[in-house]
Amino acid sequence: MTIQTDLPRTKQAELLAKVPTGLFIGGEWRQTEKTIDVFDPSTGAVLASISDASAADATAALDAAVAVQDDWAATAPRTRSNILRKAFDLMQERRDEFALLMTLEMGKPLAESNGEVTYGGEFLRWFSEEAVRITGRYGTSPEGTGRMIVSQHPVGPCYLITPWNFPLAMATRKIAPALAAGCTVIIKPASLTPLTTLYFAKLLEEAGVPAGVVNVLTTSSSSAVTEPLLDDPRLRKLSFTGSTPVGQKLIQQSAKNVLRTSMELGGNAPFVVFEDANLDAAVDGAIAAKFRNIGQACTAANRFIVHASIADEFARRVTDRVTAFSIGRGTEEGVTIGPLIDDRAVKKAGELVDDAVAKGATLLTGGKAVDREGTFYEPTVITDVRQGSNILREEIFGPVLAIVPFTDEADAIRLANDTEYGLVSYVFTQDLARGQRMIDKLQTGMMGLNVGVISNAAAPFGGVKQSGVGREGGLEGIHEYLSTKYTMTPAT
């Protein structure tokens, strides 16, 4: 693998100067006395200092959202659709700016950031189209005694909490369906990567979103703003993407006011390669499923469960690919592996690899932090990982590919399902019947069958077990923000 040197950052200062640094409440940008520093993980340098919201700011944001909820709900669906479509168009015009901003604050290579602009933008386009397709039902009761009307209505003000790893796509995936359904929102981006959301809020304002419909809280203390919002009966929905332990706590807090909740939580994705798989396709899929976003994705393949007859060859091929990766700052040409988000992520990856090797796994490449500024960890391949290793139980969230051999289909299913998580699975086989059995037997909310990337704005994204509840994207995504009302009228 090669390590690039840093390149000039000619556009950085110009772009950062365009990004708002205040809270966005009721259509106004508000500065606070207390601030948060946002860092570049590739260098440790401060990119910007932004406002740090308090409990009072959270209440003000909810006041603003509540004040315009009825008006926004009554806005014509076509108007809401046109605003979202305008936002999509503006995002395409500024895709280079959004891509660079994500690379600066999160670290991913520019090519991947550009891919996220495409992916994130699709939620704006998809839900602009769904806004005008919210329908109900009308019919006669079975007894013939009345007419039944089933209608859909916005749930009301929503609180959206997004993670740091996909700062644009996670914002669009929540905001777009909420606005399409007629809901007002308060969004709290992660303090590690808030700049993209702030810049997106500025774009939404320009696209014509009315004041108060979208509000943004940036804070160094999630609990300081989350607890008063969840305690307020005016809030009607919580959508969260993040870790399972935090999600469990939020579900408990949401119970007080019986909030609608959408939870996209942790993952521990199995990547199963059967002996009849197209090995070239499996290796390509493995690289995409593992190293996209530097391995920092809930959909990242965590456990590579490979048939014993091909495990050595699979390991050799992926190792050849991994050793050719280029490590560096995401703005550098040709870089494929950027930094992890912070020192804690580097430490965790190292501890998981060390534990696996100590318990009998073989290290094929990588396995340590990179000796340079920033928070980099070498892309790593380990094989013959033994049961009981922490890396098989915990979400890695880093560029580490761990291989476990299996002997037969029943063994593969057992290993794949041996986790409390159930977000996504990947299966490579050329046996159509086996593929169908895997769809039926693997306990996940999503599956990639002979593909390594599955996310799509038109598809329902979500998991089972401790990977969460609810779905984002697809037709199902807008219904997370709608309540169903049944009305009976007399027969005529």
Side-chain angles (χ1 to χ4, degrees), residues 161-166 170 222 238-255 261-273 286 289-290 293 295-306 344-345 347-349 351-356 359 361 382 385-398 400-406 409-427 437-449 452 454-455 460-472 476 480:
I161 305 176
T162 55
W164 52 263
N165 55 340
F166 291 96
M170 298 302 96
S222 294
L238 167 66
S239 178
F240 170 76
T241 298
S243 73
T244 293
V246 174
Q248 291 169 329
K249 182 177 180 181
L250 290 171
I251 291 171
Q252 292 173 342
Q253 292 174 321
S254 300
T261 59
S262 299
M263 294 281 157
E264 196 266 282
L265 307 178
N268 189 5
F271 189 104
V272 183
V273 185
K290 174 73 265 182
N293 216 48
Q296 299 173 121
C298 57
T299 55
N302 218 51
R303 300 164 293 140
F304 287 79
I305 301 167
V306 185
R344 291 181 299 175
K347 181 181 178 184
K348 179 182 179 181
E351 289 175 346
L352 290 174
V353 171
D354 291 346
D355 172 76
K359 291 175 179 173
I382 54 176
V385 177
R386 309 298 171 84
Q387 296 303 305
S389 299
N390 293 337
I391 205 167
L392 300 181
R393 308 299 306 176
E394 300 181 27
E395 193 170 19
I396 300 171
F397 243 63
V400 179
L401 192 156
I403 300 171
V404 181
F406 74 91
E409 185 175 308
D411 189 28
I413 294 169
R414 177 186 61 81
L415 291 170
N417 288 337
D418 186 22
T419 174
E420 67 268 33
Y421 298 106
L423 186 62
V424 61
S425 55
Y426 304 91
V427 174
R437 290 195 297 273
M438 295 303 103
I439 293 173
D440 293 338
K441 293 183 179 181
L442 294 192
Q443 298 166 357
T444 57
M446 301 177 287
M447 177 184 287
L449 184 56
I454 64 162
S455 298
F461 187 105
V464 299
K465 300 197 288 189
Q466 292 193 31
S467 286
V469 293
R471 294 296 183 268
E472 294 184 308
E476 296 80 359
E480 296 286 334

How many angstroms lie between atom CG of L415 and atom CZ of F406, to the nearest 0.5 angstrom? 8.5 Å
Under 4.5 Å between any side-chain heavy atoms of L392 and Q387, yes or no? yes
Side-chain donor or acceptor of N268 paired with backbone N/O of T419 under 3.5 Å: no
What is the minimum heavy-atom distance between F461 and C298, and which atoms define it? CZ-SG, 4.1 Å
Closest contact, heavy atoms only, P270 versus I305: CB-CD1, 3.9 Å
Ignoring hydrogens and angles, tell me if any N or O in the side chain of N293 forms a donor-acceptor pair with the backbone of N165 under 3.5 Å. yes
Kindly compute the distance separating CD (E480) from CD (E476), expressed to the nearest 0.5 Å. 9.0 Å
Considering all heavy atoms, the nearest Q466-T244 contact: O-OG1, 2.8 Å
Please tell me if the side chains of I161 and L238 come closer than 4.5 Å, counting only heavy atoms from C-beta onward. yes
Do the side chains of R437 and D440 get close enough for a salt bridge, i.e. N-O under 4.0 angstrom? no
Just so I know, are the side chains of V385 and R303 near enough to count as touching, which here means a heavy-atom distance under 4.5 Å? no
I want to check something: taking the side chain as every heavy atom from C-beta on, are M438 and L449 in contact at a cut-off of under 4.5 Å? no
Working to the nearest 0.5 angstrom, can you tell me the gap between M170 CE and T241 OG1? 6.0 Å
With distance as the sole test, does K441 use its side chain to make a donor-acceptor pair with the main-chain N or O of I413 at under 3.5 Å? no
Between G247 and L265, the two heavy atoms sitting closest are CA-CD2, 3.8 Å
Please check if the side chain of N302 supplies one atom and the backbone of I396 the other of a donor-acceptor pair under 3.5 Å. yes
What pair of heavy atoms forms the shortest contact from G267 to L423, and how long is it? CA-CB, 4.3 Å
Main-chain N/O of G422 paired with S467 side-chain donor or acceptor, under 3.5 Å: yes
Interatomic distance, CZ@F240 vs OG@S254, rounded to 0.5 Å, equals 10.5 Å
Tell me every residue that passes side-chain contact (heavy atoms from CB on, under 4.5 Å) with Q443, counting only those two or more places apart in sequence or in another chain. N417, K465
CD of Q253 to CD of Q248: how many Å apart, nearest 0.5 Å? 12.5 Å
Look at the side chain of K290 and the backbone N and O of V400, then say whether any donor-acceptor pair between them is shorter than 3.5 Å. yes
Any donor-acceptor pair under 3.5 Å from K348 side chain to E395 backbone: yes
Measure across G463 and R471 and return the closest heavy-atom pair with its distance rounded to 0.1 Å. O-NH1, 3.2 Å
With a 4.5 Å cut-off on side-chain heavy atoms, are E420 and R393 touching? yes
Mind checking the OH-CG spacing from Y426 to L442? Nearest 0.5 Å is all I need. 13.0 Å
